[in-house]
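In this text, all values refer to a predicted model and were calculated from it rather than measured experimentally.
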Amino acid sequence: MKPLIVITGASSGIGAAMAKAFSAKGHPLLLLARRLEPMQALALDNCMTISVDVTDGAAISEAIAQAVAKFGPVGCLINNAGVMLLGQADQQDPAEWSRMLNINVMGVLNGIHAVLADMKQRKTGTIINVSSIAGRKTFPNHAAYCATKFAVHALTENIREEVAMDDVRMITIAPGAVETELLSHTTNDDIKVGYEDWKQEMGGVIAPETIADAALFAFEQPQHVCVREIVLAATRQQP
């Protein structure tokens, strides 16, 4: 059996597309998200689905232990779960900042903590963190969101340097605008309308399957090759 792939935020969008892509390559899967039914509806072979909040590190570790007992060691963890809550720094509810920091940063760290020690011991493994172009440059109304994604870029590169000699790969994927449910998390209707107008101006955005293909490409490189970062967006996306 091929190595186990663990994907967080697998109930829709990029996570669901990644699940389908890696399943098509014959990998057993552990899919994690708060919503269980959409993951089950994917009906993929050799697939375990567990409802988990990524802010609960103990729950992530327990879920992964169950999958490892059934499918063997984790070959790749894809930290994809995330939330985007846009707003002006002087107007946005600070509770939205806390939610983004907990999911987008602590959720990533919780996943890493659950698998990294074993990967180092086995001298193999890959962790792919889904960040954003908003982790490389700033955008209007994105201050807190950018802060979380800049953090993902930084922690991924920092850990990559720490585990390089253990033959463990750390990869950042930084998409531009993607056709997912992410915008629906934002509570400011004016910002949502402006974002949708921006998507139309660029003639549409990239599909989740494009991000899944990028993740698969990076993972399928020989273990001694680490594609450190992939940045991809619609050609017409200017910023």
Side-chain angles (χ1 to χ4, degrees), residues 1-10 14-15 18-19 21-22 25 27-32 52 54-82 101-136 147-175 211-232:
M1 186 175 291
K2 289 190 174 183
L4 170 65
I5 309 296
V6 179
I7 306 172
T8 71
I14 293 171
M18 286 185 172
F22 279 88
K25 291 286 188 172
H27 289 277
L29 302 173
L30 169 61
L31 305 184
L32 304 175
V52 166
V54 294
T55 65
D56 186 342
I60 292 177
S61 294
E62 173 58 28
I64 290 174
Q66 291 181 44
V68 167
K70 182 174 182 179
F71 297 123
V74 177
C76 180
L77 165 68
I78 302 175
N79 281 309
N80 168 70
L101 286 164
N102 285 333
I103 295 173
N104 296 1
V105 181
M106 287 305 302
V108 170
L109 287 169
N110 286 337
I112 292 169
H113 192 263
V115 302
L116 187 56
D118 180 67
M119 288 181 175
K120 288 172 65 177
Q121 184 177 10
R122 292 186 291 113
K123 299 292 184 182
T124 189
T126 302
I127 296 175
I128 299 175
N129 293 331
V130 179
S131 183
S132 170
I133 283 181
R136 305 178 86 251
T148 67
K149 293 303 184 178
F150 268 74
V152 172
H153 269 73
L155 69 88
T156 307
E157 173 59 14
N158 200 123
I159 298 172
R160 186 200 63 75
E161 294 176 4
E162 295 172 352
V163 302
M165 296 305 292
D166 295 302
D167 294 321
V168 176
R169 302 182 298 184
M170 299 291 300
I171 297 167
T172 304
I173 296 184
I211 312 302
D213 289 343
L216 199 58
F217 166 79
F219 176 73
E220 289 185 335
Q221 298 306 303
Q223 190 65 28
H224 70 276
V225 176
C226 180
V227 180
R228 299 183 185 184
E229 182 180 5
I230 298 176
V231 183
L232 66 169

Taking only distance into account, with no hydrogens and no angle test, what donor-acceptor pairs under 3.5 Å do side-chain atoms of residues 58-71 form with protein atoms, sequence neighbours excluded?
from: Ser61; atom 1: OG; to: Gly57; atom 2: O; distance (Å): 3.3
from: Glu62; atom 1: OE2; to: Gln66; atom 2: NE2; distance (Å): 3.4

Interatomic distance, Ile14 atom CD1 to Ile7 atom CD1 [nearest 0.5 angstrom]: 11.5 Å

Heavy-atom pair with the smallest gap, counting every atom of Pro175 and Ile211: CB-CD1, 3.6 Å

Distance (rounded to the nearest 0.5 Å) between Met18 CE and Ile173 CD1: 4.5 Å

Atom pair CD1/CD1 of Ile171 and Ile128 - distance to nearest 0.5 Å: 4.5 Å

Lys2, NZ atom: more than 12 neighbouring heavy atoms under 6.0 Å: yes

Distance, nearest 0.5 Å, that separates CG of Leu77 from CG of Leu30: 9.5 Å

Shortest non-hydrogen separation from Ala19 to Leu31 and the atoms involved: CB-CD2, 3.7 Å

Nearest non-hydrogen partners of Asn129 and Leu155, listed with the distance: ND2-CD1, 4.1 Å

Under 3.5 Å: donor-acceptor pair, side chain of Ser131, backbone of Lys149: yes

Nearest atoms (heavy-atom pairs only) where Gly75 meets Pro3: CA-CB, 3.8 Å

Heavy-atom side-chain contact between Glu157 and Thr172 under 4.5 Å: no

Short side-chain to backbone donor-acceptor contact, Thr8 and Asn80, under 3.5 Å: yes

For Ala218 against Arg169, the heavy-atom pair lying closest together: O-NH1, 3.6 Å

Partner of Thr156 by side chain to side chain contact (heavy atoms under 4.5 Å, CB included), out of Ile159, Val152, Asn158: Val152

Listed pairs under 3.5 Å, donor-acceptor, residues 219-228 side chains, sequence neighbours left out:
from: Gln221; atom 1: NE2; to: Phe217; atom 2: O; distance (Å): 3.1
from: Gln223; atom 1: NE2; to: Gly125; atom 2: O; distance (Å): 3.0
from: Gln223; atom 1: NE2; to: Asp167; atom 2: O; distance (Å): 2.9

Give every donor-acceptor pair under 3.5 Å between a side-chain atom in residues 107-121 and any protein atom, sequence neighbours left out.
from: Asn110; atom 1: ND2; to: Val54; atom 2: O; distance (Å): 2.9
from: Asn110; atom 1: ND2; to: Thr55; atom 2: O; distance (Å): 3.4
from: Asn110; atom 1: ND2; to: Met106; atom 2: O; distance (Å): 3.2
from: Asp118; atom 1: OD2; to: Arg122; atom 2: NE; distance (Å): 2.7
from: Asp118; atom 1: OD2; to: Arg122; atom 2: NH2; distance (Å): 3.3

